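Scroll down for the structure; my scribbles are underneath it.
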There are 2 protein chains.
Amino acid sequence: MKGPRNLGDLQLAILRALWDSGEAPVAAVHEALRGRGLALTTIATMLRKMEEKGLVAHRENGRQFLYRARLDPALVQKNLVGDLVAKLFDGDPLELVNHLLRAGEIDLAELDLLRQRVAEAERRARKERA
Amino acid sequence: MKGPRNLGDLQLAILRALWDSGEAPVAAVHEALRGRGLALTTIATMLRKMEEKGLVAHRENGRQFLYRARLDPALVQKNLVGDLVAKLFDGDPLELVNHLLRAGEIDLAELDLLRQRVAEAERRARKERA
DNA sequence: CGGCCACAACTACTCCGGTAGTTAAGGAAA
DNA sequence: TTTCCTTAACTACCGGAGTAGTTGTGGCCG
């Protein structure tokens, strides 16, 4: 239940790559992050460090190591978002949404979609309160 | 226009304290963060480092320094939130809201409020599109 | 006047994310 | 078999956040 709050940029990117692949050798992760122009050994080192901390795990497949994430994406999201909300919005998620709306980050079509989602969530919440 | 994305935990807390006070001596910031059990010199050091980076500024008042934040809260929020959205939700803010809704972070009363806010934002957006 | 106190300045250290070179060992190719 | 390539292991280094002790200096209080 405890995904650490201190995920670096690269670490998160690596996790995302692993979430997408399920299981992947170092080379594949490296390829997925090609945009960053990092050395293969950098990725390997990072993966090893992350394994020490329990963020990922590996199994051997002949020559290669196959890595997989040990964290649930939803959990990581919850932690990171929760952290941000705590630090920036006094722990009130609604303030975050408010910020998004005010900052005009969401366009008209999306607003429409959002309204439906909210209504949905409302129904769900109402039902759950039984 | 460019608030850096790399704000540490303490730095953000300090900024928040300054935003609340407008202008404050080291001792006041220290007091505001008393919950963390930090030494006064720690706060002073941090403030000095932050000044080097242009995050805060000070003016002298007798022998004390009065610090103030040089960053607009809204801007910092925008940067940090934008960063998180980029790293975690492929740059789609709507996905963030979605996550919030699904994770049940927002209760029923708030959902109601949220729906109104969305409708408001929608009206605003529609008008602005002139 | 003399000592104490508040506060800024300087210095030092730890931890960790990020980055990568070098080395070693196993398999493949010539 | 000898060479080379792939890939994991080890080692090293930098920068920045965070933490705090020590020193110096001017003001205040007795």
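Every chain is numbered from 1 and lettered A, B, ... according to where its sequence line falls, protein lines coming before strand lines. As the structure is a computational prediction, the values presented were derived from the model and not from experiment. Values below: every heavy atom of this structure, side chains too, minus hydrogens, waters and symmetry copies.
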Query raised in the report: What ring-ring contact (aromatic ring centres under 6.0 Å, His included) pairs are there with at least one residue in residues 109-130 of chain B, not counting sequence neighbours?
Result: none

Report task. Applying side-chain contact (heavy atoms from CB on, under 4.5 Å), run through A:Leu96 and B:Leu96 and close with a yes or a no. Result -> CA-CA 10 Å; A:Leu96 169 54; B:Leu96 169 54; 4.0 Å; yes

Output a table of donor-acceptor pairs, distance under 3.5 Å, between side-chain atoms of residues 104-111 of chain A and any protein atom two or more places apart or on a different chain; print 'none' if there are none.
residue, atom, partner, partner atom, Å
A:Asp107, OD1, A:Ala109, N, 3.1
A:Asp107, OD1, A:Glu110, N, 3.0
A:Glu110, OE1, A:Asp107, N, 3.1

Query raised in the report: Heavy-atom count around A:Lys78 NZ within 6.0 Å, excluding the residue itself: above 12?
Result: no

**Report entry** Rounded distance (Å) that lies between atom P of C:dG17 and atom CG of A:Leu12
**Finding:** 13 Å

**Report entry** Atom pair distance, as rounded to whole Å: CG in B:Asp9 and P in D:dG16
**Finding:** 19 Å

Report task. State, yes or no, whether a side-chain contact exists between B:Val81 and A:His99 at a heavy-atom distance under 4.5 Å. Result -> yes

Requested in this report: Flag yes if A:Leu15 and A:Leu66 sit in one hydrophobic cluster, no otherwise; membership is Ile, Leu, Val, Met, Phe, Trp, Tyr, and two members link when side-chain heavy atoms are under 4.5 Å apart.
Outcome: no

**Report entry** A:Gly8 vs B:Gln64, nearer the 5' end of DNA chain C by closest nucleotide
**Finding:** B:Gln64

Can I get a per-line list of side-chain donor-acceptor pairs under 3.5 Å for residues 52-60 of chain B, giving both atom names and the distance, sequence neighbours left out?
residue, atom, partner, partner atom, Å
B:His58, ND1, B:Glu51, OE1, 2.8
B:His58, ND1, B:Glu51, OE2, 2.8
B:Arg59, NE, B:Glu23, OE2, 2.8
B:Arg59, NH2, B:Glu23, OE1, 3.2

Query raised in the report: Which residues, if any, of residues 20-37 of chain A bring a heavy atom under 4.0 Å of DNA chain D?
Result: A:Val26

**Report entry** Verify same cluster id: B:Leu33, B:Phe65 (apolar side-chain graph, 4.5 Å)
**Finding:** yes

**Report entry** side-chain contact (heavy atoms from CB on, under 4.5 Å) between B:Leu18 and B:Tyr67, intermediate numbers included
**Finding:** CA-CA 7 Å; B:Leu18 291 179; B:Tyr67 283 94; 4.2 Å; yes

Query raised in the report: For B:Ala17, does its backbone N or O pair with a side-chain atom of B:Ser21 as donor and acceptor, under 3.5 Å?
Result: yes

Query raised in the report: Do A:Val76 and A:Leu12 have side-chain heavy atoms sitting under 4.5 Å apart?
Result: yes

Requested in this report: State, to the nearest 10°, the angle formed by the axis through the first five base pairs of the helix from C:dC1-D:dG30 to C:dA30-D:dT1 and the axis through its last five.
Outcome: 10°

Query - Residues touching DNA chain D, which here means a heavy atom under 4.0 Å, drawn from residues 38-63 of chain B - result: B:Leu38, B:Ala39, B:Thr41, B:Thr42, B:Thr45, B:Met46, B:Lys49, B:Lys53, B:Arg63

Report summary line: note: A:Leu15, atom CG; C:dG18, atom P; distance rounded to Å ~ 11 Å

Requested in this report: Whole angstrom is fine here: how far is it from CG in A:Asn6 over to C1' in C:dG18?
Outcome: 14 Å

